[in-house]
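FYI, side chains are in, hydrogens and waters are out, and symmetry mates aren't considered; it's all heavy atoms of this structure. Convention: sequence-line order gives letters A, B, ...; per-chain numbering from 1.
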Protein chains: 2
Amino acid sequence: MSVVEQLSNDVGVELERVLKALASERRLLILEWLKDPSAHFPPQEHGDPVEHGACNQFIVDKLGVSQPAGSRHLKVLVDAGLIIATPRQGWTYYRRDEERIQSIASRMAEI
Amino acid sequence: MSVVEQLSNDVGVELERVLKALASERRLLILEWLKDPSAHFPPQEHGDPVEHGACNQFIVDKLGVSQPAGSRHLKVLVDAGLIIATPRQGWTYYRRDEERIQSIASRMAEI
DNA sequence: TAGCTATATAACTACCATGTTATGTAGTCG
DNA sequence: CGACTACATAACATGGTAGTTATATAGCTA
């Protein structure tokens, strides 16, 4: 199947959006950090870093941008389906959607 | 090797640029068409479509944008290393850099 | 309830991407 | 040489991206 024909697939439809989401050094860093939250962020009092991911605040701090700017980067990644947000006890935790990321990586092999 | 560490590689250094180049429906179409120039463009009087690719004019026409707009899309792809330009007898032919594209696809598997 | 914290949203600014038309440049051909 | 063609570049308009500060919302906690 051609890349263009894939534009009618669930992933293919979103291909341009996903690529736009990935085309940012800061968002690539976020995805990298989320591969191993415990290694990149301070210990969390609530929420298991492995199960739920890292909280917004830690990510924003590490990015070195304002809280709204970091929050929007995370939203872009969520909207592209690359990460999953889990609101919990006033915090929001983010983790990679590995299945979806893998699916996108497969499509990229056919670009 | 992590994605971030790859930022010191030849491909990794360019990862953001490549993703920005790919994050455009029009440029994805160009790459798709160049997979098989003979199937997507009229016969060329000069230049072998398989060896040198399709000429600027055909691509621009098929995109349906102005000549400068199409020309710039092609330049973005060239600058990202995704296609190769071959000036010849007043025309410029473009073909995919399959080796480079494959290299990028491999890196994407580690995103 | 009152106040604190975490996150999201609004409003604004600056910059980049992409489109256009106009023009420059290089090669072809009569 | 002069006209034509192919492509690149310049100049400009416009929309989207990404940053900021200010403000709203929601959940703890005393």
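Summarising the geometry, the separation between CD on E16(B) and C1' on dT17(D) is reported as 12 Å, rounded to the nearest angstrom. D61(B) has its CG atom 13 Å from the C1' atom of dT5(D), to the nearest Å. With rounding to whole Å, L29(A) atom CG is found 16 Å from dA18(D) atom C1'. Protein atom CH2 of W91(B) is 16 Å distant from nucleotide atom C1' of dT25(C), rounded to whole Å. Separating the NE2 atom of H73(B) from the C1' atom of dG19(C) is a distance of 8 Å, rounded to the nearest angstrom. The interatomic distance linking Y93(B) (OH) with dC7(D) (C1') rounds to 12 Å, in whole Å. The CG atom of L63(B) sits 16 Å away from the C1' atom of dA17(C) (whole-angstrom rounding). Rounding to whole angstrom units, CZ of residue R17(B) and C1' of dC16(C) are separated by 14 Å.
A pairwise comparison of heavy atoms in L63(A) and H73(A) identifies CD1-CD2, 4.4 Å as the closest pair. The two residues L77(B) and I30(B) come nearest to each other via the heavy atoms CD1-CG2, 3.8 Å.
Toward the 5′ end of DNA chain C lies the nearest nucleotide of S24(B), the other residue of the pair S24(B) and G90(B) mapping further downstream. Comparing T92(A) and K20(A) by the nucleotide of DNA chain C whose heavy atom lies nearest to each, the residue mapping closer to the 5' end is T92(A). Nearest-nucleotide mapping onto DNA chain D: of N56(B) and A23(A), the residue sitting toward the 5' end is N56(B).
Residue R72(A) is classed as a base contact, given a heavy-atom separation below 4.0 Å to a base. Contacts of P87(B) with the nucleic acid, taken as non-hydrogen atoms under 4.0 Å apart, are absent.
For dA6(C), the OP1/OP2 oxygens have a side-chain nitrogen or oxygen of Q57(A) closer than 4.0 Å. Taking 4.0 angstrom as the limit, R88(A) places none of its side-chain polar atoms (N or O) nearer than this to OP1 or OP2 of dG27(D). Taking only side-chain nitrogens and oxygens, S66(A) comes nearer than 4.0 Å to OP1 or OP2 of dT20(D). Look at S71(B) and you won't find any side-chain N or O under 4.0 angstrom from OP1 or OP2 of dC7(D).
Taking only side-chain atoms of P68(B), from C-beta outward, the nucleotide of dT21(C), dA18(D), dT9(C) with the closest atom is dT21(C).
Taking only distance into account, the side chain of Q67(B) never meets the base of dA6(D) through a donor-acceptor pair shorter than 3.5 Å.
At a threshold of 4.5 Å between side-chain heavy atoms, the hydrophobic network of Ile, Leu, Val, Met, Phe, Trp and Tyr places L15(B) and V76(B) in two separate groups. In the hydrophobic clustering of ILVMFWY residues, with side-chain heavy atoms under 4.5 Å counting as a link, V60(A) and W33(A) come out apart.
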